[in-house]
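Working notes, beginning with the structure itself.
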There are 2 protein chains.
Amino acid sequence: MELILKNIAQHVSLTRQEQELFLSKTEIHHYKAKTILLNSGAICKHSYFVNSGILRSFNINDNIVEHVLTFACEGWWIGDMYSLLSQKPGNLFIEVLEDAEVVLLSKENQEILYREIPKLERFFRILTENSLVANQERLMDNLSLTAEERFEKFCKKYPTLIQKVAQKQIASYLGVTPEFFSKMKSKMLRKQ
Amino acid sequence: MELILKNIAQHVSLTRQEQELFLSKTEIHHYKAKTILLNSGAICKHSYFVNSGILRSFNINDNIVEHVLTFACEGWWIGDMYSLLSQKPGNLFIEVLEDAEVVLLSKENQEILYREIPKLERFFRILTENSLVANQERLMDNLSLTAEERFEKFCKKYPTLIQKVAQKQIASYLGVTPEFFSKMKSKMLRKQ
DNA sequence: AAGGACACTTAATCTAGATTAAGAAAGGAG
DNA sequence: CTCCTTTCTTAATCTAGATTAAGTGTCCTT
């Protein structure tokens, strides 16, 4: 069974026909690492669901410093929520970090699906709710924890990502420079 | 017309009967400043909609430092999303900063309303989407802007809050100490 | 197999913002 | 009006993490 149908089934149950209708509104694409799926300044037309591989969304500050907003690996959704909802140019990039198979759901098809399968409105509401909760927690963590504590939490929460993703990507996600991250990491290893 | 109905009408249109059903599932309460509506460790049973006054949600780190997650004034919703959704104990407090009239919508009634008025599923989805977008922007701002830049953005975004809310609350929202905030503010005044 | 581009490390120096402390101003309860 | 608590200010000192710089490792690409 398709991963994306399993993902939906976790929150709402679709009939066989509804599943087929849903799939008919999506496209599967294959991308090589380093492919940019969305550029800053462009309008985000799709939600992306990762079947395999790893993507990330990030912005660039003053044309220099990158900041990772999210990683997405197997079974995760990713997109530029702001641009997708407003259909205005966003400031996020979406990039492939590891060769990926991705399901694309266009904004128009998503809205057609809301009309034809109202249960999907519930599904995406729940998805957005969970995303908001995770975001709020990360925000509070950034306000109240040290870089070291944030890193420990990250390791517990995304144990698989640490092996697969370049260290500077994790540093960027945590909000520290790669140099400081390297120093911090070796300090933590020496301790424990 | 009730403020909360106007709020809903911004995104979905309800019939007269639906409006009355909705209101019948809510309660209005009046609270004095400093009232705690939700305690850390408690389970959040309601969404709160502010008719007048100001509320805030915050957590406390190591029993010492407070961090403001959100302010809510006239026309805004507030709650502990994590606890409300999971019905597990949360770690947020919700407190009244300025005497307030508040509409309470219990979790159970919210679910009843989803069943009886499916359009409300759409309404709360949109609300959550907007909240997520705002949160992501704030997260990226915290990663990439200085305290001064964040303060300027805050002033533009919430001009009314600055006069009404204690300075240390704004400092806490921005993620700096009240002492540093005071120093920064007077430095900015001297400049411009 | 060699070269070049990144990714990571280490170390010295620097700074935004924290901490500590103490006084001034402002608000609220009696 | 007065006392008491809380908020705000100012200033000295301190630190987590940034910046700069140089060296090492690694993995594509040809």
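Lettering follows sequence order; numbering is per chain, from 1.
Of all nucleotides in DNA chain D having an atom under 4.0 Å from a heavy atom of chain B, the first and last in 5' to 3' order are D:dT7 to D:dT10.
Annotation: side chain to side chain contact (heavy atoms under 4.5 Å, CB included) contacts of B:Glu98 (sequence neighbours excluded): B:Ile54, B:Lys164. The salt bridge (charged side-chain N to carboxylate O under 4.0 Å, His left out) check on A:Glu152 picks up nothing, with sequence neighbours excluded. Remark: B:Lys107 engages B:Glu111 in a salt bridge (charged side-chain N to carboxylate O under 4.0 Å, His left out) (not counting sequence neighbours). The salt bridge (charged side-chain N to carboxylate O under 4.0 Å, His left out) check on B:Lys25 picks up nothing, with sequence neighbours excluded. Qualifying side chain to side chain contact (heavy atoms under 4.5 Å, CB included) partners for A:Ser144, counting only residues two or more places apart in sequence or in other chains: B:Asn61, B:His67. Residues forming a salt bridge (charged side-chain N to carboxylate O under 4.0 Å, His left out) with A:Lys34 (at least two apart in sequence, or on another chain): none.
Nearest-nucleotide assignment on DNA chain D puts the 5′-proximal partner with A:Leu145, out of A:Leu145 and A:Glu179.
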Report all side-chain donor-acceptor pairs from residues 44-51 of chain A shorter than 3.5 Å, counting only partners two or more places apart or in another chain.
unit_1: A:Ser47; atom_1: OG; unit_2: A:Gln110; atom_2: OE1; d: 3.4
unit_1: A:Asn51; atom_1: ND2; unit_2: A:Glu101; atom_2: OE2; d: 2.9

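Classification of the B:His11-B:Phe123 ring pair by plane angle, with boundaries at 30° and 60°, yields tilted.
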Atom pairs, protein N/O to nucleotides 6-8 of chain C N/O, distance under 3.5 Å:
unit_1: C:dA7; atom_1: OP2; unit_2: A:Lys168; atom_2: NZ; d: 2.8
unit_1: C:dC8; atom_1: OP1; unit_2: A:Gln167; atom_2: N; d: 2.9
unit_1: C:dC8; atom_1: OP2; unit_2: A:Gln167; atom_2: N; d: 3.4
unit_1: C:dC8; atom_1: OP2; unit_2: A:Lys168; atom_2: N; d: 3.1

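If one axis is set at each end of the helix from C:dA1-D:dT30 to C:dG30-D:dC1 from five pairs, those axes are 60° apart, to 10°.
In this structure, A:Leu189 places its CG atom 10 Å from P of C:dT10, rounding to the nearest Å.
For residues 114-124 of chain A, the pairs satisfying salt bridge (Lys or Arg N to Asp or Glu O under 4.0 Å) are A:Glu18-A:Lys119, A:Glu121-B:Arg122, A:Glu121-B:Arg125, A:Arg122-B:Glu121, with sequence neighbours left out. Pairs engaging residues 63-82 of chain A under the salt bridge (Lys or Arg N to Asp or Glu O under 4.0 Å) rule: A:Arg56-A:Glu66 [sequence neighbours left out].
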